[in-house]
Amino acid sequence: MPQTRDATKLAARALCASFGSHHPSRLLDDGPIGFLVDDPAGAAPSDDDAGVTDADLSFAPSPPPFETLPLGACLTSSVPSGGEEWRFETGRLARLADGACLLHVGDTSLLATLESQPSRSTWRDPLSRFVVDYRERFAAVGRIPTTYFKREVSAKDHEVLAGRAVQRAMLPLFPPGFPGQLRMTASVLSATPSADLEAMAINAASAAAACSSLPWRGPVGAVRVSVGADGKPALGLSASNPANGEPPRLSLLMAATADQRITMLDVEACQVPEAELIAALRFGAAAAAALVPAQVGLATAAARPPPPAAADAGADPAAAARVAAAAREPVLRALRESELGRETRGAALAAAKAGVLRALRDAGAVRADPVRVPGSGAVSPRDLDLAFAEVTARALRELALQEGVRCDGRGAVDTRRLLATPRFLPVVHGSALMNRGETQALVTATVGGSADAQKTDTLFDAGGSKRLFMQYSLPEYAGDEESETGLRKELEAATFSERALAAVLPSGPSFPFTVRLHADTLAQNGGSTALAVCGACLAMADAGLPLPKLVAGVCVGLLSDASAGPMGDGDQAPGPGARLSRYALLVDPQALEVRHGDMRLNLAGTDEGLTAVSFTATAHGGVLLAVLEEAIALGRASRLQALEDMTAALPKTRPAEAPMVGHVKVHPRMLGRIIGPSGSNLRGIEEATGARVQVQDDGRVHVFGPSAAAYESAAARVLDTAGDSMEEGKVYTAKVVALRDYGAMVEILETRLKALLHISELAATRVRAVEDELALNQTVQVLCLGRDEAGNVVISRKALLAREAGSGEGAAGAGAPKAAGSDGEASPARSPGREAHRSASREGTRPSGREGSSPSRSRTPARDSGPRRRG
């Protein structure tokens with residue numbers, strides 16, 4: 001590709017200067033990093049470039065501004081990762097955005113843009129100030145949307161979750177209190193099945209923010225790590241995109257800075273031990289950090305001008321000092337009262353805040369005008385809110401770090417008691433009421449058929465489905481400690497529960513049912529996501545699902561001296577290699593500890609290992625890898641205690657009204673009879689019993705009954721329909737439902753089975769027409785002779801009449817399933833009646849040339865045997 005010599009020299013000089021000042025050994029340690037400026041015009045080198053060596057590049061003038069790049073030109077930086085080249089590009093697309101990056105990995109391309117707008121009304125909620133919109137276009141894989149208007153409409157669940165992952169990875173690196181409104185957009189332009197789009201979106205968004213003029217203290221690198229059956233970590237594979245058709249035992253998506261501070265982590269595993277997860281974390285942190293230098297070089301070459309000095313979004317220092325002096329002692333008293341609950345403690349803090357306001361007003365230090373006068377010491381309402389929140393955060397850290405006291409009186413590793421009540425609701429398939437402290441959740445489980453599975457439509461899985469899915473509800477009256485309400489919070493909590501429980505859900509062949517879970521958080525005081533996992537597992541067990549193990553969830557928080565207040569003691573994030581001098585890991589944190597804490601770590605798993613992990617850093621700059629490893633190991637004891645409480649809550653014996661799951665075995669050739677025309681027989685069984693019935697090709701019929709009686713009734717109907725409940729040599733009552741030339745179709749009244757009574761089995765003598773012996777709706781007695789080679793039930797009226805008449809010869813001739821007919825015209829292995837029965841059952845047509853089928857009584861007129869003329 002033609003290159004502009006001047007731009008290449010300038011870009012290389014900027015990259016070398018960047019690494020020389022911050023990472024002096026990066027170029028030698030990390031290998032070559034490609035850095036080009038593409039020029040579509042293909043300008044030839046000028047005479048001034050003659051004789052210029054690589055050593056002269058360090059004396060080149062400063063790089064030109066980003067806006068001076070010619071149209072169509074771009075700056076690129078590449079780095080190898082996971083066996084592929086990751087190429088970051090900026091300047092060619094979306095030049096008017098504050099920051100833009102086009103990331104290429106193989107044949108997959110993803111564009112990320114960042115735009116900022118001034119905003120003064122949303123300063124309280126950082127999540128509302130940074131919005132990420134991740135979208136996948138079907139054109140990226142050469143597909144047309146299946147919607148009515150053939151276009152992409154609202155974001156799907158997996159797109160919302162991918163945008164949330166980008167937000168969680170980047171938010172800790174924005175300065176707290178940033179006054180602007182930020183919107184990040186990530187669009188998939190082309191995609192291949194082997195690409196990890198979530199990891200690409202995080203890296204592209206990080207590079208876009210680094211190339212902008214916004215005050216962002218990044219970049220971050222994101223990778224996907226998988227661990228297969230061999231136990232070795234590798235890059236690039238996920239549970240939804242497995243290698244060789246086998247999903248990995250562990251799949252994690254993580255984001256980390258250059259000094260391996262973790263900002264985001266999502267894990268899906270199959271009961272892996274903590275040590276294996278920690279080893280994969282270390283592997284992923286090193287791989288993520290290796291992606292950062294390429295982004296740094298791209299940002300340095302872009303040379304965007306620094307942003308104008310913005311007004312401090314925090315409280316005025318002079319006003320904050322006055323508020324802190326007046327509020328410290330009342331806040332400490334309110335936090336030391338261990339008997340207070342969430343509402344009462346909130347009321348105590350509100351009273352302390354009101355007292356501070358009265359004291360400041362009496363001193364004449366309150367400014368009614370919301371406009372702040374820096375340095376005056378006058379406290380505006382906004383200064384009071386920000387400063388009081390900072391005082392509360394500092395007091396909470398002071399109690400935990402200096403005195404070792406939590407606001408509810410527990411120790412750092414003590415968990416609140418878990419109270420579980422399974423079978424809380426009648427009628428529903430499964431339910432559980434969970435209480436942990438003041439946090440309360442009501443979870444229900446509903447079992448359905450395969451047609452009830454949740455439909456999914458992604459770029460590489462058109463028409464897919466999920467047989468385990470969950471809806472999570474957090475209403476406003478319950479309260480929330482993270483200010484994360486609405487769709488994003490609920491989807492994130494529901495997805496975490498699905499990942500946690502998928503590892504113990506029975507496989508499809510042994511449990512071909514769909515399970516829908518719904519969790520209502522009725523009261524929130526920390527740990528609602530982990531409590532929903534516990535409740536969902538108990539609800540599934542209450543519904544009768546054959547779970548091999550129970551799954552429990554626990555939350556771990558962090559309070560450290562590096563984040564006292566919104567940004568700590570200074571206005572800079574901890575530098576590379578910094579270590580926390582003091583920190584406290586809090587198991588099962590309350591709402592106050594989560595709101596003012598530095599991280600939120602949710603762990604779920606069985607007594608053997610972890611099944612799901614979700615980590616979000618709220619501390620500015622992320623959380624050290626060593627601290628995260630310690631938190632993961634610390635959560636095991638609390639998880640085991642929760643599993644003991646859940647096991648004790650389950651009843652020793654299941655009541656009769658509890659749901660029941662099982663299966664019956666029938667002849668594979670009888671499955672069509674069980675299903676019926678267009679599934680009519682199967683629907684009839686489900687409507688009559690209220691059970692759910694699923695048919696397997698090997699002859700297993702799985703039955704889920706909302707009660708033991710419903711299960712027994714449905715299983716009996718399945719066996720009756722297949723004829724397995726009929727015993728050889730037993731007499732049954734049959735009703736004639738149809739007359740055919742070759743016999744009569746009858747319904748066995750005891751089992752409701754429809755069977756063929758062949759014309760040769762009507763009487764001991766030769767029968768020329770069925771109408772001579774039977775009439776429609778007539779009730780007759782028949783004898784079950786067993787089954788034929790095709791699995792069909794064989795019945796006989798002739799054998800019963802012979803047995804009743806005491807004719808030994810007739811009974812011997814007609815009673816054996818493979819005996820010859822009474823006239824002796826057929827061989828014992830191929831009797832006319834048995835062969836006609838098998839042929840009629842298999843093909844559904846009238847047999848020709850059978851015994852008793854006289855041409856004179858045929859309903860179909862004979863055709864002319866002469867030559868036919870083709871139309």
Side-chain angles (χ1 to χ4, degrees), residues 118-130 171-172 174-181 215 217 307-336 345-399 401-402 407 483 559-574 592-593 595-598 618-621:
S119 176
R120 297 182 180 179
S121 59
T122 58
W123 59 271
R124 295 176 183 271
D125 188 2
L127 292 173
S128 64
R129 291 187 286 105
F130 181 42
L171 190 59
F174 280 101
F178 181 71
Q181 178 81 20
R217 298 187 178 100
D312 188 7
D316 178 60
R322 283 193 167 188
V323 174
R328 183 177 181 278
E329 292 301 327
V331 168
L332 286 174
R333 285 196 300 269
L335 295 180
R336 283 194 175 99
R345 194 180 308 280
L349 290 175
K353 184 177 180 180
V356 172
L357 180 60
R358 287 193 303 268
L360 294 175
R361 184 177 290 113
D362 294 342
V366 174
R367 182 182 179 88
D369 189 353
V371 178
R372 185 175 56 189
V373 181
S376 64
V379 181
S380 66
R382 180 176 177 182
D383 290 333
L384 178 62
D385 292 340
L386 292 175
F388 191 84
E390 183 174 351
V391 170
T392 304
R394 289 180 179 273
L396 200 64
R397 284 175 166 79
E398 180 180 340
L399 293 177
L401 300 178
Q402 297 182 7
C407 56
S483 299
L559 292 176
S560 66
D561 58 359
S563 298
M567 290 189 61
D569 296 332
D571 60 351
Q572 298 293 329
L592 197 65
E593 296 166 335
R595 183 187 304 119
H596 299 290
D598 298 329
T618 54
H620 185 56

Problem - Criterion side chain to side chain contact (heavy atoms under 4.5 Å, CB included) on Leu335 and Leu592, from CA distance to verdict - result: CA-CA 10 Å; Leu335 295 180; Leu592 197 65; 3.4 Å; yes
Exercise for the section: Go through the steps for Glu398 and Arg328 under the test side chain to side chain contact (heavy atoms under 4.5 Å, CB included), then give the verdict. Expected result: CA-CA 11 Å; Glu398 180 180 340; Arg328 183 177 181 278; 2.6 Å; yes
Handout entry: Steps toward salt bridge (charged side-chain N to carboxylate O under 4.0 Å, His left out) verdict (Asp385, Lys353)
Key = CA-CA 9 Å; Asp385 292 340; Lys353 184 177 180 180; 2.5 Å; yes
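For the pair Pro215 and Pro175, the tightest heavy-atom approach, listed with the atom from each and the gap, is O-CD, 2.8 Å. Smallest separation of non-hydrogen atoms from Ala348 and Ala334: CB-CB, 4.0 Å. In plain terms, the two heavy atoms of Ala319 and Asp383 that are nearest each other are CB-OD2, 3.9 Å.
Of the possible polar contacts, none joining the Ser380 side chain to the Val366 backbone as a donor-acceptor pair under 3.5 Å is found.
When only modelled atom types and interatomic distance are considered, His620 and Arg217 share a side-chain donor-acceptor pair under 3.5 Å. A donor-acceptor contact under 3.5 angstrom links the side chains of Asp598 and Ser560, judged on distance only.
Here the CG atom belonging to Leu399 is positioned 10.0 Å from the CD atom belonging to Glu593, to the nearest 0.5 angstrom. To the nearest 0.5 Å, atoms CZ (Arg382) and CG (Leu384) are separated by 13.0 Å. Here the straight-line distance linking atom CZ of Phe388 with atom CG of Leu357 works out to 11.0 Å at 0.5 Å rounding. Distance check, rounded to the nearest 0.5 Å: CG of Leu332 to SG of Cys407 gives 12.0 Å.
The side-chain hydrogen bond (donor to acceptor under 3.5 Å, both in side chains) test applied to Arg336 returns Glu403, not counting sequence neighbours. Partners of Arg345 under the side-chain hydrogen bond (donor to acceptor under 3.5 Å, both in side chains) rule, at least two apart in sequence or in another chain, do not exist in this structure. For Ala326, the side chain to side chain contact (heavy atoms under 4.5 Å, CB included) partners two or more places apart in sequence, or in a different chain, are Val356.
Annotation: side chain of Thr392 is not in contact with side chain of Leu396 (no heavy-atom distance under 4.5 Å).
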